[in-house]
Each structure stands twice: as C-alpha cells, then as structure tokens.
Enquirer: 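Here you go, one structure.
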Amino acid sequence: MSKPSIPQGTRDFSPEVVRKRQYMLNLLKGIFEQYGFQPLETPAMENLVTLTGKYGEEGDKLIFKILNNGLHELKDAKREKVAEDWNKMLEKPFSSPAITERALRYDLTIPFARFVVMNQNELAFPFRRYQMQPVWRADRPQRGRYREFWQCDADVVGSTSLINEAELLCIYQAAFHAMKLPQVTIKINSRKLLAGLAEVSGNAALMMDITIALDKLDKIGWDGVAKELEQRGISADGISSIREIISVTGTNEEQLAALEAIMSGSAIGLQGIEELRKTLAYHQSLVNTAWDSTIEVDISLARGLNYYTGVIVEVTTSAVSMGSIGGGGRYDDLTGLFGLKGLSGVGVSFGIDRIYDVLEELQLFPAALSVATQVMIVNFGGENEAYALRALQPLRQAGVTAEIYPDAAKFDKQMKYANKRNISYVLIAGDDERAANKYSLKNFTTGEQQLLSLEECMAHISSQG
RNA sequence: GAGGCUGUAGCUCAGUUGGUUAGAGCAUCAGAUUGUGGUUCUGAGGGUCGGGGGUUCGAGACCCCUCAGCCUCCCCA
C-alpha cells in the first residue's frame, strides 16, 4: 500500500490553520481597501513567454512549467518538432512552446503588469490594485520556503509621485501594527543610490555585482563582502570607497546628509538621496503615531529582482529568526516589457506564509478565531428525528449556528462527537421531550441541562452567547 | 547546482555489541455505561521495520544501490 502524500513543498491547511490564514488575509484586505486599492485576481497559469526572462537566469529555472496536452496525438512536422525540441531540452536549459506553452505564475507583479497592458484603455490611472493569491516556485523547500506559497501584493501603477512610496510604507506599518508583530524594521534604500555608489567607487558598470555582494552584508559581514567584491572585479580603491559609504551611520537624515556629501559627484546618487528624503517627508505627514515599527535607511539593501529602479524596501522582524517577511520597490518600466512604455509603478508584497510562521511562533494569533457550531441536535431516529429536524431551521433563522447529527448513532457516540467538536450546546429531542413539545438543552461547558421550549432555548443561547 | 540528517503502527517515537513471536504513548474501535460528553478502567484491531540487493547460522540494526522527507549553502518571500 502506498501512503497518500502531497508534492514536496506544498501543504494542507487544516480548519484551524485556514482560520488563522484568513485572519491575516482579512486584516490585509481591510487595510488595502482603506487605502483605496482594488482587488485583482489573475489565472494560476500564464503563457510561459509572459514569465520567461523576467526574473533573471535563476528565476527562469524556478518557473514551474506545464506540459502541453495531447503530445502523442501530434502528426508529421509538429511531431518531429517536439522530438527535436525535446532533445534540446535534455541537453541545455531550453523551452519550447511545442512542449510547454504555459507555466504556473511565479509572482503577482508580472501578471499584474501583463493585466495592465492588456487593459490599458479601460483602467483609470493611477491604478491601485491588491492581489492575494498563491504563486509557485520550483525551489528546494526548507524552513520558511515552500514551492506553493501566497503573496499579498499592493501596487500603484501610472504615477511617479513619492506619495505612493510613503503610503505603501504606511500600509506595512498599519498591517504589522494590526497583527501586533513586534520589532519590525522596514529597511529602505534606492537603486539610484546604489547606482551612485557604483559610480563613486569607479565601477558604474558593475552596479549589479556590487549590490548582490552588498546584500549579503548581514550574513557574511564586511570581510566576506569585500572578498566577493574583489572576485567580482572591483578594484581595491573601489572597495575602500564602498566601505566608506556603507559605514555611514546615524539617523536617517544624518545618513542621507553624509551620503549627500560623499555622492556630490554622482547625479544619480543625489537623485536617490532626494527621493528618499521626499519619501520620508511624505511618510512623516501620513504616519500614525501608534505604529511602532521603524523605518531605516540602509544603503546595503539590494533586493534581487532586477526590475526595480527607484526606492526599494524590505521588512524584517528581529523577534524571530526568519528571512524577510515583505519587500517591494519602484519599477519605472515594468509594463515596457509588454509594450506599454512610460508607465511607472511601485508596489509592496507581504510574505504571508512566513508571517504566519512568525505569528504562530510568537503566539500572536487571537484566541477567538475558532468558530465552533453553537448547537448540535442529538439524533434518536424515527419520529424523534423528524421532531429534531423541525428545530433546525428556526434555530438557524434566529442566528444560531446549528447542525443535527445525521445518523441515529448511539447516544454516547453523539455526545463524544459534540465534545470533540467543541460544540457549546447539545439539544436533546427524544421521546420525553417530544411528548412535552420541548427540548432538553445541555450546556456543554457547565454540564447543566434544562427542559425548555424551542423559543426558550433560542433565548437562552442568545443570552449566553 | 553543492552538502548534511532521518525513514519502525494512522501520528510522535523506543528498540542495547546483530539473537526467540518488533514495543510504548497518543489516536481508532469495543466494553464497563442501550438517554448523557470530558476524567477513569478493561480489552481489541493495526507493521513487507521506505524499496532492492549483499554479509551472516541469524539483519529493524552492518555494507552497497535506490526512493522519499527534512535541513544547510546558493537564491529567494
């Protein structure tokens, strides 16, 4: 006998877990809507060409591809094409529409960009949308990393105003405040600042290499970063100027002021500094003082996705050992990939699977999330069953969640079931009750039992909750 | 792509230098108790010890291969 199983990196969500996930999703949804974002859903699968080349070389490898149907029915030239392309696939990374036309979506941003381009004439820009759906990656699963996981994204497209950046920072703060998640830090940087850093260090062309190396500062320390910079072809002078830049400390404004001096020769770097200043200023005028998460300028923040062009952010909590729980940034020309030029966007993403793990570990889910049925009617079968059934609809119409045990099983079996289900009341409708046109209502918490009319039962339950 | 750990009942796990018929807790079912749950007590069912090969008088244990899961690095949420 083969034991049933689910694919690696996927999970079932039990009723209790779904309640907790819905708690997070409902909370995020409420905040997104409060900020004027509209819901959007896109298909689980996209055309493969929509996705390839958007996530870098590594990303392409992690896209789940879907095998075309009916390959065995192909004839002649098409059949030969499949055989030929199949051999290519066996030899090198290669995709063929003859074999795989579709793939599971890898994130929510690219499908969003695709949607915007397809619907550009109907949408009112700036267009603000939020989207909460699963995405799939053919990664090796490990702690906090799954092959199927959910993203919750909020993006604004069609506006270059930094008010958008500031509002998205507020959304992060509002959300983590509502979840009561402690020690949250939102790191903020700008790709332009990173470009300036590359320029000042004399390696403008190696900006990506520098940012990739810098991004590891937390993990491998400065010595490790220096070694990696060297490997990536940065000169000793360059490395020491990079060190000078990332050694800048102090408050956000102090850092920006210091960077401004260092980057006086880099137009793009100064532009990045100015953008961060404005973003933080807008944020100041929007912020709710109750929010306790901090926003920190961090020049070493890089983020892997290569379509970011302006402000970038990443969220972490030091309360638990876990990677980032959210991230985002501005992408000036995302829709340009699909032929719509000049439309700038900015967005953030919540990694709710990781946030779930964090909330669970810190026991931050509200205790009252489980919703048990209020009343279960015991089923004695025959005439008594009919009598019991008559009570069900009035209870439900009175707003009481109610169910009947569907089989005339042994009494103690039904009671055990009610107990296991955490049901608050059991309604007993047997010979004696039916003769009196009443019901025995048993409170499962106290064990107390009363013979009452149906109306009295409903009144009692409503008053006790 | 590289490396490490673990596979024994539905679940979590014991199982001594290789030695009779592989155990426990939980869960399930039955009974004590046919109209009263939780707490008890009694009993029962449930295993190709991941799979294949090898060493041995004898393998759950040792060796080889293989599969699966978990974890770490890379990268990411």
Side-chain angles (χ1 to χ4, degrees), chain A residues 1-11 14 55-63 93 105-109 132-153 172 211-213 215-216 219-220 224 228 302-306 313-317 321-329 347-358 376-381 384 388 405 408-435 439-451:
Chain A
M1 179 187 81
S2 71
K3 290 187 184 177
S5 63
I6 54 175
Q8 186 184 34
T10 65
R11 296 151 298 161
S14 66
Y55 309 108
E57 205 175 314
E58 284 296 313
D60 279 357
K61 286 190 214 161
L62 301 182
I63 294 171
R105 70 168 163 253
Y106 180 89
D107 73 354
L108 300 179
T109 308
M132 307 193 288
Q133 289 189 278
V135 303
W136 293 268
R137 296 186 188 177
D139 217 345
R140 290 287 296 262
Q142 50 188 277
R143 176 178 155 86
R145 182 187 299 185
Y146 307 97
R147 285 186 153 178
E148 178 184 68
F149 63 98
W150 282 56
Q151 284 188 335
C152 301
D153 282 19
Y172 268 141
T211 56
I212 289 166
D215 197 36
K216 299 175 187 169
K219 276 186 189 168
I220 61 180
E228 180 149 349
R303 293 196 58 72
L305 293 173
N306 53 19
V313 296
E314 188 163 285
V315 188
T316 54
T317 170
S321 166
M322 178 73 70
S324 71
I325 53 177
V348 291
S349 180
F350 289 82
I352 69 149
D353 293 87
R354 282 190 179 174
I355 296 170
Y356 178 96
D357 289 346
V358 172
M376 189 197 86
I377 307 180
V378 175
N379 187 343
F380 286 102
N384 290 330
Y405 196 91
K410 284 171 66 174
F411 193 75
D412 78 315
K413 182 171 179 167
Q414 299 192 38
M415 296 295 269
K416 279 180 179 167
Y417 175 80
N419 188 60
K420 198 164 185 175
R421 289 277 311 278
N422 255 318
I423 284 168
S424 316
Y425 292 92
V426 162
L427 202 65
I428 298 161
D431 291 337
D432 299 346
E433 287 83 0
R434 181 159 56 92
Y439 296 88
S440 289
L441 182 69
K442 177 166 176 133
N443 181 323
F444 246 48
T445 313
T446 63
E448 171 196 7
Q449 184 170 325
Q450 290 173 275
L451 189 64

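Every heavy atom of this structure was used, including side-chain atoms; hydrogens, water molecules and symmetry mates were not. Lettering of chains follows the sequences in order, A, B, ..., and the numbering in each one begins at 1.
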Enquirer: Which nucleotide sits closest to the side chain of A:Lys420: B:rG35, B:rA27, B:rG1?
Expert: B:rA27
Enquirer: Hey, does the side-chain of A:Lys410 have a donor or acceptor N/O within less than 3.5 Å of a partner on the base of B:rU34?
Expert: no
Enquirer: Tell me which nucleotide among B:rG37, B:rC75, B:rG35 gets nearest to the side chain of A:Met415.
Expert: B:rG37
Enquirer: Mind checking if A:Thr445 touches a base, just sugar-phosphate, or nothing, with heavy atoms under 4.0 Å?
Expert: base
Enquirer: State which of B:rC74, B:rG38, B:rU36 makes the closest approach to the side chain of A:Arg145.
Expert: B:rC74
Enquirer: Counting heavy atoms from C-beta on, name the nucleotide in B:rG1, B:rU36, B:rG37 closest to the side chain of A:Arg140.
Expert: B:rG1
Enquirer: Between the base of B:rU36 and the side chain of A:Gln414, is there a donor and acceptor pair under 3.5 angstrom?
Expert: no
Enquirer: So, under a plain 3.5 Å distance rule, would you say the side chain of A:Asn419 forms a donor-acceptor pair with the base of B:rG37?
Expert: yes
Enquirer: Give one of base, sugar-phosphate or nothing for A:Gly430, where a contact means two heavy atoms less than 4.0 Å apart.
Expert: base
Enquirer: Which nucleotide in the set B:rC70, B:rA77, B:rU36 lies at the smallest distance from any side-chain heavy atom of A:Gln8?
Expert: B:rC70
Enquirer: Between A:Thr10 and A:Glu148, is there a side-chain donor-acceptor contact under 3.5 Å, judged purely by atom types and distance?
Expert: no
Enquirer: Mind checking A:Asp432 for me? I need base, sugar-phosphate or nothing, with any heavy atom below 4.0 Å counting as a touch.
Expert: base
Enquirer: Taking the same atom, C1', in B:rG4 and in B:rA9, what whole-Å distance lies between them?
Expert: 29 Å
Enquirer: Can you tell me which nucleotide in B:rU28, B:rC76, B:rU36 comes closest to the side chain of A:Lys442?
Expert: B:rU36
Enquirer: Provide the distance between the two P atoms, one in B:rU28 and one in B:rC65, to the nearest whole Å.
Expert: 43 Å
Enquirer: On a whole-Å scale, what distance lies between the P atoms belonging to B:rA24 and B:rC64?
Expert: 33 Å
Enquirer: A:Ile428 has a side chain; which of B:rA77, B:rG1, B:rG35 sits nearest to it?
Expert: B:rG35
